[in-house]
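Below is one structure, written out as structure tokens, with a few remarks after it.
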Amino acid sequence: MSVVLNFKSHISELFAQALREVAPDAAQIDILIERPKQVSHGDYACNLAMQLARPLRKSPRDIAQALIAALPVSDVIEKVEIAGAGFINLFLTKAAKQAIVHAVLHAGAGYGHIHLGAGRKLQVEFVSANPTGPLHVGHGRGAAVGDCLCNVLHAAGWNVTREFYYNDAGAQIENLMRSVQLRCKGITPDDPSWPEGGYRGDYIADVARAYMARETVEADDQRTTGKGEVDDEVAIRHFAVAYLRREQDLDLRAFNVEFDVFSLESALYSEGKVEETVGRLIASGHTYEQDDALWLRTTDFGDDKDRVMRKTDGGYTYFVPDVAYHLEKWRRGFVRVINEQGADHHSTITRVRAGLQALDIGIPKGWPDYVLHQMVTVLKNGEEVKISKRAGSYVTLRDLIDEVGCDATRYFLAARHPDSQLVFDIDLAKSKTNDNPVYYIQYAHARISTVLETWGGERLSLLQADFGLLDSEYETALLQLMIDYPQVIESAAQDLAPHLVAFYLKDLAAAFHSYYNASRFLVDDEAVKCARLALIAAAAQVMSNGLALLGVSAPEKM
RNA sequence: GUGCCCAUAGCUCAACCGGAUAGAGCACCAGCCUUCUAAGCUGGGGGUUACAGGUUCGAUUCCUGUUGGGCACACCA
């Protein structure tokens, strides 16, 4: 029999043919195939008959009857039923489900990879913290969500570039330099002369100490040595930025996140990109001078008021380099760009898009895409934690990694819908119990590893197992979940919702744990043993693949 | 005041772009280790999906309004 991997699209295709026959005029209707919640409703269901009831002015059940009659024969479908108001429920043959085990074992780490992106270039910009301090929890959420999203999009067939944008020019860098300089002079934040908005964290003292000690720091591809001159503002600025970039790099590495490209705001100025963008905007006719400032008429593109581009002091506002940066992204050939940011930046969306529209060079209206994550609050002993020793006013990503580990931190920060506010409960993330989904999933993987190790046979031989022996309700549940996996990747990629992977893995782990408790694998009957081992080996493979997308390890032992 | 996000079991969260009896875990109660990992499993109780309308065969989902929470509203980034 033919091997079908994507049952949803296969069935959808069958219905498309039936639809052309039954209702040629309604062929543009979207055919939706879904997985019923109840097993008695079959493996897949279609509501097409109900959708057609109105245009055809016939009863849904009659239409369902006609559709079923016109449905092409498929050897993966066992039976088709009409149910309820006019649902068409489809049941797969056992053999079709069982074939998934071979498919998973054969594809290995590649199982779940789909061709949605068709190799097109896509860029995800995330974290993009200012180099003015250690990364905080919010950046951590951005890092976890952004990185998982990249993994998911890669699995979905996109050619993904991970990018980090440093705002290393502008007022806040001036502020950083000033704070470090004061520390170099021995002035501390509790001194009355400390400026209002100066950075107060202990890390500023570390930077100052390293600068005065003429230390060398390596960040990205550059080496920078502290000059030790208290009055050399250029040198202090340069060193402080390099020092903090290195610190952020180390945090990200500890978090298992790697970027392909680092873009610097300062480079946009030094390479003339900002001037060029301003020139293009003026030439496009969407700017005007008023009150000694240059304005962009962003109200032409949906903004609620126009925005200043060039201030009366001659400097540019931040959104000009932002537009220049995104123009560069466009020129670099990314058909799709996704910016993952904290929701507190949501007001930039309209402005950046407006700026790009004003360029009049054919950039699509909704480009780029945005994923905005809501705030994170940290809880410990039932109380909100607001400060860390090192940063002072906020909890750092490093604090979390040190306290609960990389795996749990990544899981908890990525396993929620980005639109929901997130409470990070340190005690829960640390707990090694049932409440903690990370360990629940990892434990399932480790259990399977142990069984396979105890068995000690050659794993490749499992490909030859008789999958027809996999017939129990537990086995069927696992088979169906493994069939669903590519669908999960597709949804997560389309909705830009990597948390779906986390929920899926919990379901898969649960199905395995139930199976584990209900039946033994290392039984005397050789054929049954091989079939069961093949099944759980495949399940472990899917767990491992899914955990890899989350950036969480899949341990052999726990 | 304006814009964006959110509201589902006592708690933390799901619900496959409008589907069938709204699901898990925790907590509570009752069980399961001479067996491949009990960091596990099985069973039980627990809901007016914040509230009020609307759209239709059908709404947790879409629309309007109200309430409550968060965020943003600079010639800062």
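Side chains are part of it too, since the values below use all heavy atoms of this structure and drop only hydrogens, waters and symmetry mates.
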**Request:** For A/Gln421, answer base if it contacts any base atom (sugar-phosphate contacts may also be present), sugar-phosphate if it contacts only those atoms, and nothing otherwise; contact means non-hydrogen atoms under 4.0 Å.
**Result:** base
**Prompt:** Has A/Phe87 got its ring stacked on B/rA20, by the test of a centre gap below 5.5 Å and a plane angle below 30°?
**Reply:** yes
**Fill in**
To the nearest angstrom, the CG-P distance between A/Leu413 and B/rC13 comes to 13 Å
**Item:** Which nucleotide in B/rG69, B/rC36, B/rC6 has an atom nearest any side-chain atom of A/Asp419
**Value:** B/rC6
Expected rows: protein N/O vs nucleotides 1-3 of chain B N/O, under 3.5 Å:
| unit_1 | atom_1 | unit_2 | atom_2 | d |
| --- | --- | --- | --- | --- |
| B/rG3 | N2 | A/His346 | NE2 | 2.9 |

**Asked** Phosphate oxygens OP1/OP2 of B/rC75: is one of them under 4.0 Å from a side-chain N or O of A/Arg310?
**Response** no
**Complete:** So salt bridge (Lys or Arg N to Asp or Glu O under 4.0 Å) across residues 530-547 of chain A, not counting sequence neighbours, yields A/Glu475-A/Arg532
**Message:** Dot-bracket, 5' to 3', for RNA chain B please: Watson-Crick or G-U pairs under 3.5 Å, [ ] where pairs cross earlier ones, | where the partner sits on another strand, dots elsewhere.
**Reply:** (((((((..((((.....[...)))).(((((.......))))).....(((((..]....))))))))))))....
**Prompt:** Can you check the A/Leu505 CG to B/rC13 C1' distance for me, whole Å?
**Reply:** 16 Å
**Message:** For a ring pair (Phe, Tyr, Trp, His ring centres under 6.0 Å) check, start with the C-alpha distance between A/His345 and A/Tyr370, then their side-chain angles and the critical distance, and finish with the verdict.
**Reply:** CA-CA 10 Å; A/His345 289 89; A/Tyr370 282 83; over 10 Å; no
Side-chain atoms of residues 490-500 of chain A: list all donor-acceptor pairs with protein atoms under 3.5 Å, sequence neighbours left out, distances to 0.1 Å.
| unit_1 | atom_1 | unit_2 | atom_2 | d |
| --- | --- | --- | --- | --- |
| A/Ser491 | OG | A/Gln487 | O | 3.1 |

**Asked** Between A/Arg307 (CZ) and B/rA74 (C1'), how many Å, whole number?
**Response** 9 Å
**Item:** Test side-chain contact (heavy atoms from CB on, under 4.5 Å) applied to A/Glu247 - qualifying residues, sequence neighbours left out
**Value:** A/Pro134, A/Tyr243, A/Leu244, A/Asp251, A/Arg390
**Asked** Relative to A/Tyr516, does A/Arg447 satisfy both conditions: NZ or CZ under 6.0 angstrom from the six-membered ring centre, and within 45 degrees of the ring's axis?
**Response** yes
**Message:** Taking any heavy-atom pair under 4.0 Å as a contact, classify A/Ala446: base, sugar-phosphate, or nothing.
**Reply:** base
**Asked** The side chain of A/Asn517 lies closest to which of these nucleotides: B/rG40, B/rG69, B/rU12?
**Response** B/rG40
**Request:** May I ask you to say what A/Tyr516 touches in the nucleic acid, namely base, sugar-phosphate or nothing, with a heavy-atom cut-off under 4.0 Å?
**Result:** base
**Listed partners of A/Ala510 passing side-chain contact (heavy atoms from CB on, under 4.5 Å), at least two apart** = A/Tyr440
**Prompt:** Within less than 4.0 Å of OP1 or OP2 of B/rA74, is there a side-chain N or O belonging to A/Thr317?
**Reply:** no
**Message:** Nearest to the side chain of A/Asn89, heavy atoms from C-beta on, is which of B/rC41, B/rC36, B/rA20?
**Reply:** B/rA20
**Message:** If I take atom CG in residue A/Leu496 and atom C1' in nucleotide B/rC16, what distance separates them, rounded to the nearest angstrom?
**Reply:** 16 Å
**Item:** Distance, rounded to the nearest Å, where A/Tyr318 contributes OH and B/rC76 contributes P
**Value:** 11 Å
**Prompt:** In terms of side-chain geometry, is the basic nitrogen of A/Lys8 or A/Glu34 positioned less than 4.0 Å from the acidic oxygen of its partner?
**Reply:** no
**Request:** Using the test side-chain contact (heavy atoms from CB on, under 4.5 Å), find all partners of A/Ala143 that sit at least two apart in sequence or belong to another chain.
**Result:** A/Val127, A/Leu252, A/Phe255, A/Val257
Donor-acceptor pairs under 3.5 Å, side chain of residues 45-59 of chain A to any protein atom, not counting sequence neighbours: which ones?
| unit_1 | atom_1 | unit_2 | atom_2 | d |
| --- | --- | --- | --- | --- |
| A/Ser59 | OG | A/Asp62 | N | 3.2 |
| A/Ser59 | OG | A/Asp62 | OD2 | 3.3 |

**Prompt:** Which glycosidic conformation, syn or anti, is assigned to B/rC33 if syn requires a torsion within 90° of zero?
**Reply:** syn
**Message:** Mind checking if A/Thr132 touches a base, just sugar-phosphate, or nothing, with heavy atoms under 4.0 Å?
**Reply:** nothing
**Item:** Side chains of A/Asp306 and A/Tyr288, donor plus acceptor under 3.5 Å
**Value:** yes
**Fill in**
The side-chain hydrogen bond (donor to acceptor under 3.5 Å, both in side chains) partners of A/Ser263 (sequence neighbours excluded) come to A/Glu163
**Request:** Assign each of A/Leu452 and A/Asp292 to its nearest nucleotide of RNA chain B by heavy atoms, then name whichever residue's nucleotide is nearer the 5' end.
**Result:** A/Leu452
**Message:** Nearest to the A/Ser514 side chain among B/rC75, B/rU42, B/rA14, which nucleotide is it?
**Reply:** B/rU42
**Message:** Is the phosphate of B/rC41 approached by A/Tyr440 (side-chain N or O, under 4.0 Å from OP1 or OP2)?
**Reply:** yes
**Interatomic distance where CZ belongs to A/Phe512 and C1' belongs to B/rG40 [whole Å]** = 10 Å
**Prompt:** When we call it a touch if two heavy atoms are under 4.0 Å apart, what does A/Asp495 touch: a base, just sugar-phosphate, or nothing?
**Reply:** base
**Asked** From B/rC36, B/rA72, B/rA38, pick the nucleotide closest to the side chain of A/Tyr443?
**Response** B/rA38
**Request:** Give one of base, sugar-phosphate or nothing for A/Met375, where a contact means two heavy atoms less than 4.0 Å apart.
**Result:** sugar-phosphate
**Item:** 5′-ward residue of the pair A/Ala343/A/Val423 relative to RNA chain B
**Value:** A/Val423
**Prompt:** Between A/Arg35 and A/Asp484, is there a salt bridge with N-O shorter than 4.0 Å?
**Reply:** yes
**Item:** A/Arg54 side chain, from C-beta outward: closest of B/rU56, B/rA77, B/rC17
**Value:** B/rU56
**Request:** Could you tell me whether A/Ile349 contacts a base, only the sugar-phosphate backbone, or nothing, with contacts defined as non-hydrogen atoms closer than 4.0 Å?
**Result:** nothing
**Message:** Just the rounded figure in Å: distance from P of B/rC17 to CD of A/Glu490.
**Reply:** 11 Å
**Item:** Candidates B/rA77, B/rC5, B/rA38 - which lies nearest the side chain of A/His345
**Value:** B/rA77
**Message:** Can you tell me which nucleotide in B/rA20, B/rC75, B/rG40 comes closest to the side chain of A/Lys311?
**Reply:** B/rC75
**For RNA chain B, the residues among residues 35-50 of chain A that have a non-hydrogen atom under 4.0 Å from it** = A/Arg35, A/Lys37, A/Gln38, A/His41, A/Ala45, A/Asn47, A/Met50
**Asked** For A/Ile82 and B/rC57, what is the distance between atoms CD1 and P respectively, to the nearest whole Å?
**Response** 20 Å
**Item:** Sugar-phosphate, base or nothing in reach of A/Lys557, heavy atoms under 4.0 Å
**Value:** base
**Prompt:** Which of parallel (below 30°), tilted (30 to 60°) and perpendicular (above 60°) describes A/Phe262 and A/Phe164?
**Reply:** tilted
Tabulate protein N/O versus nucleotide N/O from nucleotides 33-35 of chain B, keeping only pairs under 3.5 Å, one per line.
| unit_1 | atom_1 | unit_2 | atom_2 | d |
| --- | --- | --- | --- | --- |
| B/rU35 | O2 | A/Arg520 | NH1 | 3.1 |

**Request:** Flag the pair A/Tyr165 / A/Lys329 as yes when at least one side-chain heavy-atom distance between them is below 4.5 Å, and no otherwise.
**Result:** no
**Request:** Taking only the side-chain heavy atoms of A/Lys305 (C-beta and beyond), determine which of B/rU37, B/rA77, B/rC73 contains the nearest atom.
**Result:** B/rC73
**Fill in**
Heavy-atom nearest pair, A/Ala240 first then A/Leu176, reads CB-CD2, 3.8 Å
**Complete:** Checking B/rC13, B/rA20, B/rC76 against the side chain of A/Phe503 (C-beta onward), the nearest is B/rC13
**Fill in**
Taken in chain and number order and not counting sequence neighbours, the residues that satisfy side-chain contact (heavy atoms from CB on, under 4.5 Å) with A/Lys79 are A/Glu81, A/Phe91
**Message:** I'd like to know if A/Lys97 pairs up with A/Asp43 as an ion pair, taking the criterion as any Lys NZ or Arg NE/NH1/NH2 lying under 4.0 Å from an Asp or Glu carboxylate oxygen.
**Reply:** yes
